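What follows is a set of notes on a single structure, which appears directly below.
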Amino acid sequence: MNTCSFYIVERNTVLSSPRGICIDPIPEAIASYDLDEITLATLCSHTSLQIFHGAREEGFKTLGLAVGQIPKYYDAYPRAKPDDFLVVGSHLDVLKHAGELRDQNVILIPHGSLVEYLGADNFLDLSVPTFGNRRVLQWESDRTKSRRWLEGAGVHMPKEIRDPRDIQSPVIVKYHGAKGGRGFFIAKDYADFVKGIEPSAQYTIQEFVLGTRFYFHYFYSPIAKTGYRLRKGALEMLGIDRRLEANVDEIYRAGGAAVEPTFVVTGNVPVVLREKLLEEVFDMGRRVVEKSIDLFGGMIGPFCLETMVTDTLQFKVFEVSARLVAGTNLYPTGSPYADYVYDTMSCGRRIALEIRNALRSNQLTDVLS
Ligand code: ATP
């Protein structure tokens, strides 16, 4: 018996899940949906607030996936509280409810925590139509592949040091997978590296870049016909943040005492960019999206380029996050950039608007996987 009901289609390519599960096409699933009764669902989290708030603004029903219990903070934020909740025992239990979610005409909206807690493989196995192109995960979560993608797009990245014995100036050692900077450390030489490394983990060594960090909140629409046009569709840049990281951001307060810097994300602050750099920000985004179209059918919807601008005003991109990032929580009703495109727009609402536009133009399957 065929136990699965979806598979993920990428511009003529079938992406089988890592467990080889066979699944029917998303277009077929969508064909069975009542398009007047679409529900946008996501995992309950801080970022879900802008997703639910935005979905409601665009006239969608909303469903919160809660693990264990319904978080009490939704009572404090009634305009961002979903219409309904599905309470599951664990993150993995979401998989068991796929049929139920499809019966409710659910489109799932991924965000960083959803992918992190579900795990990349399970996210690929989840047989519920999902906003964006899930195939991007294979390129984004593997630092070797993401470097191939970004450098192939012609953006500058921090230099990679393949052999730790070659460390001659400060480097940052990063573990694979999105960890919010946890466990990363700086090494000045090989001895430092040996002292700090967690031997069983997969890691990457990068030149430690000094500069100012900017995290750009882009949105790529493959179906837009106006705006900053790409080979296909259009690109928006709706906001910028900078992450707050403990303890590196405040290490100066230790008064020069020997403290090892750590890079654990604790929050985000809004920033705007020096004027002359804006053109380049769009050009970087354009090249990264166009390369993604060539490599895996395109990165759809919100994404973030995490960058450093050096004192020679050169961008170095150290990471791409191919979904709604937590820094966008700064701008629930607009930003110094979004305000020049829309009256009131968060990145969460922009996703709902994309789904609404796709419904209107009968292109829903172009923005889902
Ligand atoms: P995410 O949650 O975005 O997946 P991550 O765990 O993959 O995070 P990065 O975003 O790559 O980690 O890096 C975490 C932090 O480490 C950055 O915000 C930045 O402060 C610092 N950092 C990363 N790369 C460099 C670099 N090449 N030079 C200097 N600092 C860096």
Side-chain angles (χ1 to χ4, degrees), residues 45-47 110-120 123 136-147 149-151 155-162 164 166-188 192-193 196 198 201-218 240-252 260-271 288 299 302-312 314-330 347:
S45 72
H46 185 169
T47 307
H111 54 65
S113 303
L114 185 145
V115 178
E116 170 85 15
Y117 292 132
L118 208 57
F123 179 58
V136 68
L137 259 178
Q138 298 179 321
W139 287 85
E140 177 210 16
S141 58
D142 176 329
R143 289 195 193 274
T144 310
K145 281 181 119 172
S146 69
R147 179 170 284 270
W149 170 16
L150 295 172
E151 289 189 337
V155 300
H156 296 288
M157 293 190 72
K159 210 163 57 206
E160 188 178 3
I161 291 90
R162 286 175 195 279
D166 293 339
I167 299 173
Q168 278 163 2
S169 53
V171 296
I172 182 164
V173 182
K174 303 174 166 194
Y175 295 110
H176 284 207
K179 298 194 185 315
R182 197 171 294 275
F184 292 10
F185 66 97
I186 296 178
K188 293 183 299 301
D192 266 2
F193 170 84
E198 160 66 52
Q202 275 189 296
Y203 61 84
T204 300
I205 308 172
Q206 275 184 5
E207 129 194 46
F208 187 84
V209 180
L210 267 180
T212 313
R213 287 167 299 129
F214 291 91
Y215 299 71
F216 297 101
H217 314 156
Y218 295 95
I240 316 174
D241 78 288
R242 189 170 65 204
R243 287 179 176 185
L244 297 173
E245 291 169 356
N247 60 17
V248 65
D249 289 342
E250 306 225 8
I251 210 160
Y252 64 92
E260 287 296 325
T262 54
F263 299 87
V264 178
V265 179
T266 55
N268 305 79
V269 288
V271 283
V288 171
M299 168 174 55
F303 70 98
C304 177
L305 291 184
E306 304 180 9
T307 73
M308 198 79 80
V309 180
T310 66
D311 57 6
T312 56
Q314 191 186 37
F315 277 101
K316 299 234 174 164
V317 179
F318 55 86
E319 171 118 333
V320 54
S321 289
R323 65 191 55 79
L324 196 59
V325 290
T328 60
N329 289 325
L330 285 163
C347 288

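For the numbers below, each heavy atom of this structure counts, side chains included, while hydrogens, waters and symmetry mates do not. Every value quoted in this text rests on a predicted model; they were computed, and no experiment measured them. Order of listing sets the numbers, starting from 1, for every ligand and every atom in it.
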Out of all atoms in ligand 1, which are within 4.0 Å of some heavy atom of Pro158? Include the element for each. 27 (N)

Test Lys174 against Glu319 for salt bridge (Lys or Arg N to Asp or Glu O under 4.0 Å), laying out the working first. CA-CA 11 Å; Lys174 303 174 166 194; Glu319 171 118 333; 5.0 Å; no

For Asn268 and Arg243 the tightest heavy-atom approach is ND2-CG, 3.7 Å

SB check Glu160 Arg143 (cutoff 4.0 Å): no

Numbering the atoms of ligand 1 from 1, which are under 4.0 Å from a heavy atom of Met308? 28 (N), 29 (C), 30 (N)

Is it the case that the side chain of Glu140 and the backbone of Ala322 share a donor-acceptor pair, with hydrogens and angles ignored and the cut-off at 3.5 Å? yes

Which one holds for Phe208 and ligand 1: side chain close, backbone close, both close, or neither close, with close meaning a heavy atom under 4.0 Å? both

Side-chain donor/acceptor of Asn247 to backbone N/O of Glu260, under 3.5 Å: yes

Is the Phe216 ring parallel, tilted or perpendicular to the Tyr218 ring (thresholds 30°, 60°)? tilted

What atoms in ligand 1 come closer than 4.0 Å to a heavy atom of Glu306? 3 (O), 10 (O)

Close-contact set for ligand 1 against Arg243 heavy atoms, below 4.0 Å: 1 (P), 2 (O), 3 (O), 8 (O), 10 (O)

For Arg213, take its heavy atoms, then give the atoms of ligand 1 lying under 4.0 Å from any of them. 19 (C), 20 (O)

If we set the cut-off at 4.0 Å for heavy atoms, which region of Lys316 has an atom near ligand 1: side chain, backbone, both, or neither? neither

If you measure from each heavy atom of Arg143 to ligand 1, is any distance below 4.0 Å? yes

Ligand-residue contact atoms, ligand 1 with Glu207, heavy atoms, under 4.0 Å: 26 (C), 27 (N), 28 (N)

At a 4.0 Å threshold, what atoms of ligand 1 neighbour a non-hydrogen atom of Tyr215? 17 (C), 18 (O)

Value rounded to 0.5 Å, distance of NE2 in His111 from CD in Glu116: 11.5 Å

Should the proximity of Tyr175 to ligand 1, defined as any heavy atom under 4.0 Å, be assigned to the side chain, the backbone, both, or neither? neither

If you measure every N/O of Phe318 against every N/O of ligand 1, is any gap under 3.5 Å? no

Evaluate the criterion side chain to side chain contact (heavy atoms under 4.5 Å, CB included) for residue pair Asp249 and Arg213; output intermediate values, then yes/no. CA-CA 11 Å; Asp249 289 342; Arg213 287 167 299 129; 3.3 Å; yes

